[in-house]
Amino acid sequence: MSDSPPPVSPFSTGHGGSRFELLVASSYVLSLLDHYPARGLDRGEVVSVALQQRNRGFLVDDVVIRGQEDGRTYFLSLQIKHSLTFSDNADFREILAVCWQQFTNGSFNPESDKLGVGISDASHITKVQSHLQELLTWASSNTQHNAFFETVAKFKQKNTFLQLFRSILKDCASRAVTDTEIWQFLKC
């Protein structure tokens with residue numbers, strides 16, 4: 001018997017998206033069974049997939065994937081939304097607030113752990129695919145924040161997403177968030 005608290009039911013914390021949450025989790029279970037890296041971690045192999053892990057310290061808790069490589073453990077924590085608009089709205093603000101809290105809580109390792117939002121194809125509009133995804137890829141592939149910000153400044157849509165993150169994260173942190181912090185957050 002474990003002394004750790006049981007997971008929280010998706011029905012008590014969500015709005016009917018539990019079926020979609022299970023579909024997303026199932027795709028990660030396939031990575032676990034095939035010994036492949038999880039999408040979003042892209043290295044090592046998946047060693048566990050768990051649902052509703054808030055009681056175990058994960059604020060981004062819908063699906064938590066534990067990966068391992070060379071004896072090191074790392075986590076991908078996903079918030080699952082069947083539908084999400086990536087703009088200044090209550091749902092997106094709430095997700096970023098929880099991601100920021102987990103990112104800054106001290107147990108999160110920005111060198112290896114990742115945060116994410118799993119969305120359905122209905123939310124995966126062209127702007128998200130071509131601009132937001134590329135913005136996040138650029139953040140993780142640049143080794144210095146200055147180079148990242150210089151590149152993004154050249155592209156209107158990507159810069160619009162960057163400014164959206166800057167504005168919402170400022171509210172989440174209750175202070176101005178530095179360029180380095182924004183870059184590190186987007187890398188994760």
Side-chain angles (χ1 to χ4, degrees), residues 13 37-44 53-70 72-81 83-119 123-188:
T13 60
R39 180 178 181 192
L41 286 175
D42 302 324
R43 60 184 161 71
Q53 297 296 292
R54 185 169 298 262
N55 289 348
R56 295 199 172 103
F58 292 91
L59 300 174
V60 179
D61 71 330
D62 289 344
V63 180
V64 176
I65 298 95
R66 183 168 53 102
Q68 201 164 37
E69 181 179 56
D70 298 330
R72 291 187 301 256
T73 299
Y74 43 88
F75 296 92
L76 169 62
S77 301
L78 297 173
Q79 207 61 35
I80 307 301
K81 294 290 181 187
S83 177
L84 181 65
T85 303
F86 292 86
S87 63
D88 194 346
N89 62 66
D91 286 340
F92 190 55
R93 282 182 162 274
E94 179 183 331
I95 288 170
L96 280 185
V98 172
C99 287
W100 180 256
Q101 288 172 358
Q102 184 162 329
F103 178 74
T104 59
N105 76 4
S107 65
F108 184 84
N109 182 347
E111 298 301 318
S112 59
D113 296 344
K114 301 291 181 190
L115 300 166
V117 180
I119 57 173
S123 297
H124 215 243
I125 57 175
T126 303
K127 278 200 309 191
V128 171
Q129 288 176 322
S130 62
H131 298 295
L132 181 56
Q133 280 300 128
E134 284 183 2
L135 176 73
L136 299 173
T137 300
W138 291 356
S140 63
S141 63
N142 274 283
T143 57
Q144 299 203 345
H145 76 278
N146 291 341
F148 167 70
F149 282 95
E150 287 172 13
T151 302
V152 172
K154 298 174 187 175
F155 298 89
K156 182 179 178 182
Q157 289 293 327
K158 290 170 183 63
N159 197 43
T160 299
F161 277 120
L162 179 61
Q163 297 315 315
L164 175 67
F165 278 102
R166 182 185 303 280
S167 172
I168 295 174
L169 290 176
K170 177 183 176 185
D171 293 343
C172 295
S174 300
R175 62 173 174 77
V177 179
T178 68
D179 284 353
T180 302
E181 290 173 310
I182 293 170
W183 170 64
Q184 289 173 333
F185 179 78
L186 294 177
K187 284 176 66 164
C188 295

Closest non-hydrogen atom pair, [X] against [Y]:
X	Y	answer
Leu135	Leu162	CD2-N, 4.0 Å
Asn142	Lys187	O-NZ, 4.4 Å
Val177	Arg166	O-NH1, 4.1 Å
Tyr74	Gly44	OH-CA, 3.1 Å
Ala97	Cys172	CA-SG, 3.4 Å
Cys188	Pro110	SG-O, 3.5 Å

Could you tell me the separation between the [atom1] atom of [X] and the [atom2] atom of [Y], rounded to the nearest 0.5 Å?
X	Y	atom1	atom2	value
Leu136	Phe161	CG	CZ	9.5 Å
Phe103	Leu186	CZ	CG	9.0 Å
Leu96	Leu169	CG	CG	5.5 Å
Ile80	Ile95	CD1	CD1	9.5 Å
Thr178	His145	OG1	NE2	7.5 Å
Leu115	Gln101	CG	CD	11.5 Å

Considering only heavy atoms from C-beta outward, does the side chain of [X] approach that of [Y] to under 4.5 Å?
X	Y	answer
Phe75	Val64	yes
Phe155	Glu134	no
Ser112	Arg72	no
Phe165	Leu132	yes

Validation row, ring centre Phe149 to ring centre Trp183 under 6.0 Å:
no
- Please check if the side chain of Thr137 supplies one atom and the backbone of Gln133 the other of a donor-acceptor pair under 3.5 Å. yes
Worksheet item: Any sub-3.5 Å donor-acceptor pair from Asn146's side-chain atoms to Gln144's backbone N or O?
Response: no
- [ ] Before giving the answer on side chain to side chain contact (heavy atoms under 4.5 Å, CB included), spell out for Asn159 and Lys156 the whole-Å C-alpha distance, their side-chain angles and the decisive distance to 0.1 Å.
- [x] CA-CA 5 Å; Asn159 197 43; Lys156 182 179 178 182; 5.9 Å; no
For the pair Glu181 and Arg175, find out whether any cationic side-chain nitrogen is under 4.0 Å from an anionic carboxylate oxygen. yes
Run the salt-bridge test on Arg93 and Asp171 with the 4.0 Å N-O cut-off and return the result as yes or no. yes
